[in-house]
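I have placed the structure first, in the form of structure tokens, so that the comments after it can refer back to it.
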Amino acid sequence: MADREAKRAARKAELEKQLEDLKPSLREAQAKFEAVRGRDPVDPRDEKKKTPSKGEITIYVKKGLNLLACDLGGTSDPYLVVSVLDANKKVLESIKSPVFKKNLNPEFEFRKYFPVTDDYKGVTIKVEVMDKDMLKDDHMGQHIILLEYLWPEDCKEPRVKDEVLYPKKGGPKAQGVLRMSVSYESEEMRKKVAVFNEEEEVYRKAWLEAYNPKEKLQEERDALEEAIKYPAEDTALIDAVLEDDVDAAKKALDDGADPMARSKHTNTCVIHMAATRGCVDMLILLVDAGADVHALDGKGKSVTFLFKNKSPSYEALKKLEAHPVFKAKMDEDAKIKSELAAEKAQKAKDDRKYKYCLETGLTGYEDDFPHHLFK
């Protein structure tokens, strides 16, 4: 056992030295990365100040989902009406999509480009879903976007997302969503983004050159810290116990594994793992190596209880009882069980006597009290 403790201490000291030697390099790498990250170029598309400029609106409606059923058959004949309105709500341009017959989940695949020649502040995009009817088309819902509340002059690939349909003011109810995107782009922003992309590539290269070494050193540090906390020989012992491999467990113990090692995932001690699996030879090996047979698991269960709860064979039970440590533990368990049973029996007698005294009005100290009834 002393030899095993010496091996563990030597290995731990070696790992701790490696960790200390690594820390200066890691601090240097982190400082370099922080310096590069501090020079992050500003993306012109993230500027919150919106300046009026001419450009083009791109509206893309991929599909409708769970639209309102307006016809008697429980379906609708939906189509889109997309309009661009100025600040005075005057329609600058409007266009309709084809009609999709009897379809509550139409694949519109509608894309339209609208030029904006004046200040885009106050410009509204209105996407309406209508139901085609013989006499008058029904309004199924609408989605309205103020152009000035879009991220400014977005030249990136617009993100398609689900937009809820709302009823128009004073109109009937609405239902469903439109999977769509709206973006705005100007010539001025195209030029800015061209410059940004060039700067971004330079920054990305510098960032990676600083990030990769830092990340690698951090991984090495984490691995060393885990190796110190969960030694490899303990992990080998746990794996051997879970596989009922007594030879591998003996080798791990010879290499310095702790016979009371705990799993880093469940915090379960190896001796409780062996008891739960009913492996007699593994239990004897661990106890001979110094494992505490009196240790309780997370639920307060003893090693012998876990083993017997596995319903071992008669031969396995006799083999365990033949070991002096387990024999002493089982005798101790039997004694405790007997004492508990005696306490329980005495409590039952006392309860019966107390109940009898209440019913008869006696105290139990009378000369003629029937003590023989409560023996």
Would you confirm whether Asn88, through its side chain, and Lys90, through its main-chain N or O, come within 3.5 Å as a donor-acceptor pair? no
Honestly curious: do Leu317 and Ile271 fall in one hydrophobic cluster under the side-chain, below-4.5 Å linking rule? yes
In terms of side-chain geometry, is the basic nitrogen of Asp331 or Lys327 positioned less than 4.0 Å from the acidic oxygen of its partner? yes
Please lay out, stage by stage, how Lys251 and Asp255 fare under the test salt bridge (charged side-chain N to carboxylate O under 4.0 Å, His left out). CA-CA 6 Å; Lys251 182 179 183 306; Asp255 289 340; 3.2 Å; yes
Minimum side-chain heavy-atom gap Lys63-Phe100 below 4.5 Å: no
Side-chain donor or acceptor of Asn105 paired with backbone N/O of Asn66 under 3.5 Å: yes
Just by distance, do the side chain of Thr75 and the backbone of Lys102 share a donor-acceptor pair under 3.5 Å? no
Using a strict cut-off of less than 4.0 Å between a Lys/Arg side-chain nitrogen and an Asp/Glu carboxylate oxygen, indicate whether Glu321 and Lys318 qualify as a salt bridge. yes
Please check: side-chain N/O of Thr124 versus main-chain N/O of Leu85, any donor-acceptor pairing under 3.5 Å? no
Could you tell me whether Arg262 and Asp234 have a side-chain N and a carboxylate O separated by less than 4.0 Å? no
All heavy atoms of Leu68 vs all of Met140, minimum pair found to be O-CE, 3.0 Å
How long is the gap from CG on Leu15 to CD on Glu226, to the nearest 0.5 Å? 12.0 Å
Are side-chain heavy atoms of Pro231 and Lys12 found at a separation under 4.5 Å? no
Taking Leu242 as the starting point, is it possible to reach Val270 by hopping between hydrophobic residues whose side chains are less than 4.5 Å apart? yes
Donor-acceptor contact below 3.5 Å, side chain Arg221 vs main chain Lys23: no
What's the verdict on salt bridge (charged side-chain N to carboxylate O under 4.0 Å, His left out) for Glu219 and Lys216, showing C-alpha distance, side-chain angles and the deciding distance? CA-CA 5 Å; Glu219 289 175 0; Lys216 185 177 179 182; over 6 Å; no
Say you draw a straight line from CG of Asp138 to OG of Ser76; how long is it, rounded to the nearest 0.5 Å? 8.0 Å
Any side-chain to backbone donor/acceptor pair from His272 onto Gly298? Under 3.5 Å, distance only. no
Reported CD1-to-NZ distance for the pair Ile125 and Lys112, which is rounded to 0.5 angstrom: 13.5 Å
Taking every non-hydrogen atom, the tightest pair across Glu220 and Leu22: OE1-CD1, 3.5 Å
Here the pair of heavy atoms bringing Ala174 nearest to Pro167 is CB-N, 3.5 Å
Closest contact, heavy atoms only, Ala274 versus Leu283: CB-CD2, 3.9 Å
Side chain proximity check, Asp288 to Val325, heavy atoms < 4.5 angstrom: no
So, do Ser94 and Val81 sit near enough that their side-chain heavy atoms are less than 4.5 Å apart? yes
For a 4.5 angstrom cut-off between non-hydrogen side-chain atoms, does Ile144 reach Tyr166? no
Donor-acceptor contact present, side-chain Asp133 to main-chain Leu135, <3.5 Å: no
Same apolar cluster: Leu65 and Val127, side chain cutoff 4.5 Å: no
Carefully, step by step, assess Tyr79 and Phe110 under the rule side-chain contact (heavy atoms from CB on, under 4.5 Å). CA-CA 10 Å; Tyr79 67 94; Phe110 176 86; over 6 Å; no
Heavy atoms only: give me the nearest Met180-Ile145 pair and the separation to one decimal. CE-CD1, 4.4 Å
Atom pair CZ/OG1 of Phe369 and Thr360 - distance to nearest 0.5 Å: 6.0 Å
Modelled atom types, side-chain donor and acceptor of Asp222 and Gln218, under 3.5 Å: no
Between Ala252 and Glu233 the two heavy atoms that sit nearest each other are CB-O, 3.8 Å
With a 3.5 Å distance limit and no angle check, can you tell me whether Asp71 reaches the backbone of Gly74 through a side-chain donor-acceptor pair? no
Decide, yes or no, whether a salt bridge links Asp21 with Lys17 under the criterion of side-chain N to carboxylate O below 4.0 Å. yes
Would Val303 and Lys329 count as a side-chain contact (heavy atoms from CB on, under 4.5 Å) if you check the C-alpha gap in whole Å, the side-chain angles of each, and the deciding distance to 0.1 Å? CA-CA 9 Å; Val303 174; Lys329 180 67 174 70; over 6 Å; no
Sub-4.5 Å side-chain heavy-atom contact between Glu109 and Lys62: yes
Transitively linked via ILVMFWY side-chain contacts under 4.5 Å: Leu26 with Leu19? yes
Are the side chains of Leu237 and Leu286 in contact, using a 4.5 Å heavy-atom criterion? yes
Determine, using the 4.5 Å side-chain heavy-atom cutoff (strictly less than), whether Met130 and Leu104 are members of one ILVMFWY cluster. no
With rounding to the nearest 0.5 Å, note down the distance linking CD in Glu163 to NE2 in His143. 3.5 Å
Going through the distances and angles, do Lys355 and Asp351 end up as a side-chain contact (heavy atoms from CB on, under 4.5 Å)? CA-CA 6 Å; Lys355 186 176 180 182; Asp351 289 345; over 6 Å; no
Heavy-atom distance under 4.5 Å between the side chains of Leu165 and Gln175, does that happen here? no
Run the numbers on Asp333 and Lys337 for side-chain contact (heavy atoms from CB on, under 4.5 Å), then give the verdict. CA-CA 6 Å; Asp333 290 347; Lys337 186 176 180 180; over 6 Å; no
Atom CD of Glu14 and atom CD1 of Ile228: how far apart are they, to the nearest 0.5 Å? 10.5 Å
